[in-house]
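Take a look at the structure below.
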Amino acid sequence: MSKRPEHQAPPEIFYNEDEARKYTQNTRIIDIQAQMTERCLELLLLPEDTSCLLLDIGCGSGLSGAVLEESGHMWIGMDIAPAMLEVALEREAEGDLVLSDMGEGVPFRAGSFDGAVSVSAIQWLFNADKKSHKPVKRIYNFFSTLYAALSRSARAVFQFYPENESQLELLTSQAMKAGFYGGVVVDYPNSAKAKKFFLVLMTGGAAPLPQALGTEESDSLQVKYAKREASKNARGKPLKNSRAWIIEKKERRRKQGKETKPDTKFTGRKRAGRF
Amino acid sequence: MKLITHNMLTSKCLKGVLQGYPLAINATDVKITEVDFNPEFVSRIIPKLDWNVLWGAADSLGHSEGLPKTVEPKYEDQEFLKKAHHVLLEVEIEEGTLTCPESGRQFPISKGIPNMLLTEAEVQ
Ligand SMILES: C[S@@+](CC[C@H](N)C(=O)[O-])C[C@H]1O[C@@H](n2cnc3c(N)ncnc32)[C@H](O)[C@@H]1O
């Protein structure tokens, strides 16, 4: 069974008091969320040395918001989980908080924000947690109301954990339908650990998609990346950190007479909830 | 909830509601939090505000004193920006309700957080 949080319970249930506290006390999580928020900010391309008003979508306990504050911005956060917002209050987040479900729409008037960030949240939109939930409809509703809430020339950048390629396509196509253009930037596509997905959406003025980190020239699109990985595989050498790669490496170690754990069904398994 | 948020927040996600703006405030607890004054941020945000709504909100909370009813075209004046800063970022509604001007639907504010969650039947 999958261990992705989205598969376990609706977000407002999954992010209960315990989870909210665990989440916010784990220094590793804090560091990762901070790093990803910094990258989101970079991709937002805000005017230099200007404090902006930003929307943090799925702001949670304010880990992402803390980075926005440090960079001199004011933020308003929306989140569906009361327990997460409660922790944000305890942490004295400087941003203002709103309890709301992004799938119901972004409840702000036209042109409110200079930009929007969202860190590790939009993969939740693929859930259908209530009988009335239709993911595609919720995703479109979200993007179209977000589009309206942004000022012209503003961007929205989402770091998220897609499960498969069709989710990437669904998100991108619904965003385009809502008036945005842009696409997915994949940082460090060849590293199982550092690989990160960013959906970069723009509202006005044609601009090329930003360059991904850890790639050469114009590898940044997911589509290109997928091809690349496939061709690498075809060359015969298994992909680094893949199960086949680990088993091969272990075999080499055994041949060298080094102590090596036996191969089991867990060998080379992806860590829970991430790919 | 700060008044900058109130100035942007709507109930337009409700089915059948067009603007959902401005939300009427009924506050039972208001607190003042000190926030660092950033004149550059305040002067940048002013053109984006609905000033009438801000003035009305401040007035309903008893914090409109010294706040002009209309914005001067030259709003670099420090005293004015300080006042705007105070009203936008330091005055916070802790407990109360917001009411949709079109449908009358109420949204509770508790511990400073407005609850904008809708029921399944209310979603567009
Ligand atoms: C992994 S946490 C990240 C929180 C924060 N952005 C950070 O970087 O620490 C994901 C957050 O998304 C929120 N979330 C999930 N589904 C949501 C929805 N439909 N509307 C609003 N927030 C949602 C969850 O409640 C949770 O707080």
Side-chain angles (χ1 to χ4, degrees), chain A residues 12 46-47 49-55 59 69 72-82 84-86 88-90 92-114 129-134 137-138 140-142 144-145 148-151 154, chain B residues 1-15 17-23 33-50 53 85 88-94 98 100 105 107-124:
Chain A
E12 67 277 25
L46 295 168
D49 301 321
T50 315
S51 343
C52 295
L53 181 63
L54 302 178
L55 177 65
C59 63
E69 287 161 21
H73 303 297
M74 163 69 194
W75 57 280
I76 298 178
M78 48 189 283
D79 201 284
I80 197 173
M84 290 295 265
L85 295 178
E86 190 83 27
L89 286 182
E90 276 171 29
E92 303 190 355
E94 283 172 29
D96 219 11
L97 309 169
V98 176
L99 179 62
S100 77
D101 173 359
M102 57 177 144
E104 291 172 358
V106 174
F108 295 96
R109 69 178 167 80
S112 295
F113 298 98
D114 301 311
D129 290 321
K130 291 184 182 168
K131 241 199 287 165
S132 61
H133 279 187
K134 295 190 183 62
K137 197 176 151 226
R138 281 167 54 79
Y140 175 73
N141 194 16
F142 167 64
S144 57
T145 50
L150 292 175
S151 66
Chain B
M1 185 185 71
K2 297 177 192 289
L3 295 190
I4 189 174
T5 306
H6 172 261
N7 209 270
M8 308 291 181
L9 195 64
T10 75
S11 54
K12 67 174 179 188
C13 296
L14 282 168
K15 191 192 249 164
V17 166
L18 295 175
Q19 312 273 327
Y21 187 84
L23 297 166
T33 333
E34 210 174 298
V35 176
D36 290 342
F37 177 46
N38 179 344
E40 180 254 338
F41 175 76
V42 179
S43 55
R44 260 195 87 232
I45 202 82
I46 283 174
K48 295 219 260 173
L49 298 171
D50 186 321
V53 169
H85 160 80
L88 281 169
L89 299 168
E90 298 191 318
V91 175
E92 296 196 31
I93 306 168
E94 275 293 284
L98 297 170
C100 168
R105 158 74 140 93
F107 301 91
I109 304 173
S110 148
K111 295 189 189 157
I113 302 177
N115 178 350
M116 304 305 290
L117 293 174
L118 308 180
T119 65
E120 289 181 65
E122 287 172 335
V123 180
Q124 304 236 318

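Each chain gets a letter, A, B and so on, in the order its sequence line appears, and its residues count up from 1.
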Contact leader toward chain B among A/Lys131, A/Lys137, A/Glu86, where contacts are heavy-atom pairs under 4.5 Å: A/Glu86
Distance in Å, A/Glu94 CD paired with B/Thr33 OG1, rounded so as to fall on 0.5 Å steps: 10.5 Å
Structural part of B/Asp36 lying under 4.5 Å from a heavy atom of chain A: neither
Check against side chain to side chain contact (heavy atoms under 4.5 Å, CB included), B/Val35 and A/Met74: CA-CA 11 Å; B/Val35 176; A/Met74 163 69 194; over 6 Å; no
Residue pair B/Arg44 / A/Cys52, side-chain heavy-atom distance below 4.5 Å: yes
Donor-acceptor pair, side chain of A/Arg109 and main chain of B/Lys12, under 3.5 angstrom: no
Heavy-atom proximity to chain B below 4.5 Å, by part of A/Asp79: neither
Expected output: side-chain A/Glu104 to main-chain B/Leu118 donor-acceptor under 3.5 Å: yes
Main-chain N/O of B/Thr5 paired to A/Asp96 side chain as donor or acceptor, under 3.5 Å: no
Proximal component of B/Leu14, with respect to chain A [non-hydrogen, under 4.5 Å]: neither
Part of B/Lys111 lying under 4.5 Å from any heavy atom of chain A: both
Check: B/Glu40 and A/Ser51 side chains under 4.5 Å, non-hydrogen atoms: yes
Check: A/Ile76 and B/Leu9 side chains under 4.5 Å, non-hydrogen atoms: no
Which portion of A/Ala88 sits near chain B, non-hydrogen atoms under 4.5 angstrom: neither
Among B/Met8, B/Met116, B/Met1, the one residue meeting side-chain contact (heavy atoms from CB on, under 4.5 Å) with A/Val98: B/Met116
Value rounded to 0.5 Å, distance of CG in A/Asn141 from SG in B/Cys13: 6.5 Å
Heavy-atom side-chain contact between A/Ile80 and B/Leu117 under 4.5 Å: yes
Interface moiety of B/Asn38 toward chain A, non-hydrogen atoms closer than 4.5 Å: side chain
Spacing of A/Leu53 atom CG and B/Ile45 atom CD1 [to the nearest 0.5 Å]: 4.5 Å
B/Gln19, CD: over 12 other non-hydrogen atoms inside 6.0 angstrom: no
Region of A/Leu97 in contact with chain B, defined by heavy-atom distances below 4.5 Å: both
